[in-house]
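Data first, discussion second: the structure below is written as structure tokens.
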Amino acid sequence: LIDTSRQIDLLNTLFYNNIDIAFIQECHLRKNNVKLKGYSFLYDYSSVGVAIIIKDAICYNRINVDDFGIHGNFVQIELKVNNAVKKLLVGSLYIPSNLPVSSINSGLDNILHVASGYDGFIFGGDLNAKNLTWGDQMENFNGKNLYNWLQDHTLDVLRISDSNPS
């Protein structure tokens with residue numbers, strides 16, 4: 001995303017697919033010089049680099065969440081549903097593949113605790129968690145752990161894609 005041509009490609013993808021909010025992980029930017037006309041690029045400046053791209057027409061507030069090793073970038077948006085305003089927590093996450101399970105679970109528990117103060121939440125990202133349930137060809141330890149954590153908290157994965165996860 002450092003060079004302008006990649007930013008133009010990203011902007012074209014956002015416009016062509018009518019994307020309002022996008023999550024990006026492992027940006028590794030030293031500074032945020034990303035300019036996407038019609039969008040805000042919210043960057044966390046961590047060693048990994050987690051970003052949320054959000055359409056300028058959407059009002060948001062950045063939210064700080066202690067992550068316990070899970071890199072995250074969060075915003076609160078408000079939606080009007082049936083004449084009622086609903087607050088939604090939206091988060092872009094990155095879980096390092098070598099993060100201990102106890103840290104993953106603590107981080108996810110904390111994020112879920114923060115999310116409980118909202119009317120709903122959407123998280124997406126690179127969780128380094130492969131599992132057959134969400135379309136992977138194989139499973140890894142993080143995938144099994146995340147699947148069990150989701151089951152324990154009665155949460156589901158919604159995957160919208162034309163391709164297999166990578």
Side-chain angles (χ1 to χ4, degrees), residues 1-3 6-7 9-10 13-14 17 19-36 39-54 60-77 88-118 120-166:
L1 288 176
I2 294 172
D3 65 61
R6 286 187 179 196
Q7 292 180 33
D9 288 345
L10 176 57
T13 299
L14 294 168
N17 293 291
I19 295 172
D20 292 334
I21 300 173
F23 305 135
I24 299 181
Q25 297 76 35
E26 296 188 86
C27 299
H28 303 287
L29 300 174
R30 285 188 211 111
K31 61 181 182 174
N32 181 3
N33 59 352
V34 177
K35 305 287 186 238
L36 299 168
Y39 289 86
S40 296
F41 186 84
L42 309 175
Y43 190 60
D44 73 342
Y45 296 99
S46 70
S47 59
V48 175
V50 178
I52 298 176
I53 301 170
I54 188 164
Y60 65 88
N61 293 313
R62 290 188 87 161
I63 304 296
N64 190 20
V65 177
D66 292 330
D67 58 25
F68 298 92
I70 296 174
H71 300 273
N73 202 344
F74 300 88
V75 295
Q76 170 190 307
I77 62 173
L88 185 69
L89 183 65
V90 177
S92 178
L93 304 175
Y94 174 77
I95 299 177
S97 59
N98 61 351
L99 191 64
V101 169
S102 59
S103 295
I104 293 172
N105 290 345
S106 295
L108 291 172
D109 287 342
N110 188 56
I111 292 166
L112 188 59
H113 174 73
V114 172
S116 69
Y118 292 84
F121 61 90
I122 298 172
F123 302 138
D126 180 355
L127 307 182
N128 283 303
K130 297 188 179 301
N131 195 289
L132 300 173
T133 303
W134 42 83
D136 287 304
Q137 300 300 312
M138 57 177 257
E139 293 185 341
N140 64 10
F141 187 77
N142 281 357
K144 292 174 187 174
N145 179 61
L146 181 60
Y147 177 81
N148 290 332
W149 185 88
L150 291 166
Q151 294 297 301
D152 290 346
H153 293 85
T154 321
L155 299 171
D156 289 316
V157 172
L158 174 63
R159 187 176 158 273
I160 303 172
S161 178
D162 293 335
S163 62
N164 288 331
S166 58

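Heads up: numbering here begins at 1 and tracks the sequence. Since the structure is predicted, the reported quantities are computational estimates derived from the model, not experimental observations.
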**OP:** Name all residues meeting the salt bridge (charged side-chain N to carboxylate O under 4.0 Å, His left out) criterion together with Asp109; count only those two or more places apart in sequence or in a different chain, and write none if there are none.
**Re:**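 Asp109 satisfies salt bridge (charged side-chain N to carboxylate O under 4.0 Å, His left out) with no residue once adjacent residues are dropped.
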Subject >> Tyr147 OH: over 12 foreign heavy atoms closer than 6.0 Å >> reply: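 Open.
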Which heavy-atom pair separates [X] from [Y] by the least distance, and what is that distance?
| X | Y | answer |
| --- | --- | --- |
| Gly125 | Gln25 | CA-NE2, 3.2 Å |
| Val90 | Ile21 | CG1-CG2, 4.1 Å |
| Leu88 | Ile122 | CD2-CD1, 4.1 Å |
| Ile19 | Tyr39 | O-OH, 2.6 Å |
| Leu112 | His153 | CD2-CD2, 3.3 Å |
| Val48 | His71 | CG2-NE2, 3.5 Å |

**OP:** Could I get the full list of side chain to side chain contact (heavy atoms under 4.5 Å, CB included) partners for Val101, not counting sequence neighbours?
**Re:**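 Here the qualifying residues are Asn105, Phe141, Asn145.
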Using 0.5 Å steps for rounding, measure from the [atom1] atom of [X] to the [atom2] atom of [Y].
| X | Y | atom1 | atom2 | value |
| --- | --- | --- | --- | --- |
| Ser106 | His113 | OG | NE2 | 13.5 Å |
| Gln76 | Asn61 | CD | CG | 5.5 Å |
| Leu132 | Gln137 | CG | CD | 8.0 Å |

Taking the side chain as everything from C-beta on, heavy atoms only, tell me whether [X] gets closer than 4.5 Å to [Y].
| X | Y | result |
| --- | --- | --- |
| Ile104 | Leu146 | no |
| Leu127 | Asn142 | no |
| Leu29 | Phe41 | yes |
| Ile54 | Ile77 | yes |

Within the side chain of [X], is there an N or O that forms a donor-acceptor pair under 3.5 Å with the backbone of [Y]?
| X | Y | value |
| --- | --- | --- |
| Asn73 | Ser92 | no |
| Trp134 | Ala129 | yes |
| Asn128 | Ile95 | yes |
| Asn148 | Lys144 | yes |

**OP:** Take the angle between the ring planes of Phe123 and Phe74 and call it parallel below 30°, perpendicular above 60°, tilted in between.
**Re:**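 It falls in the perpendicular class, over 60°.
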Original post:
Do the rings of Tyr45 and Tyr43 sit parallel, tilted or perpendicular, given the 30° and 60° boundaries?
Top reply: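 If you compare the ring of Tyr45 with that of Tyr43, the planes turn out perpendicular.
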**OP:** Let me see the working for Ile111 and Leu93 under side chain to side chain contact (heavy atoms under 4.5 Å, CB included), right down to the final yes or no.
**Re:** CA-CA 10 Å; Ile111 292 166; Leu93 304 175; 3.9 Å; yes
**OP:** Take Tyr94 and Ser46 through the test side chain to side chain contact (heavy atoms under 4.5 Å, CB included) and record every step on the way to the result.
**Re:** CA-CA 11 Å; Tyr94 174 77; Ser46 70; over 6 Å; no
Subject >> Among Val50, Asp126, Leu10, Val34, the one residue meeting side-chain contact (heavy atoms from CB on, under 4.5 Å) with Ile24 >> reply: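 So the option named by the test is Leu10.
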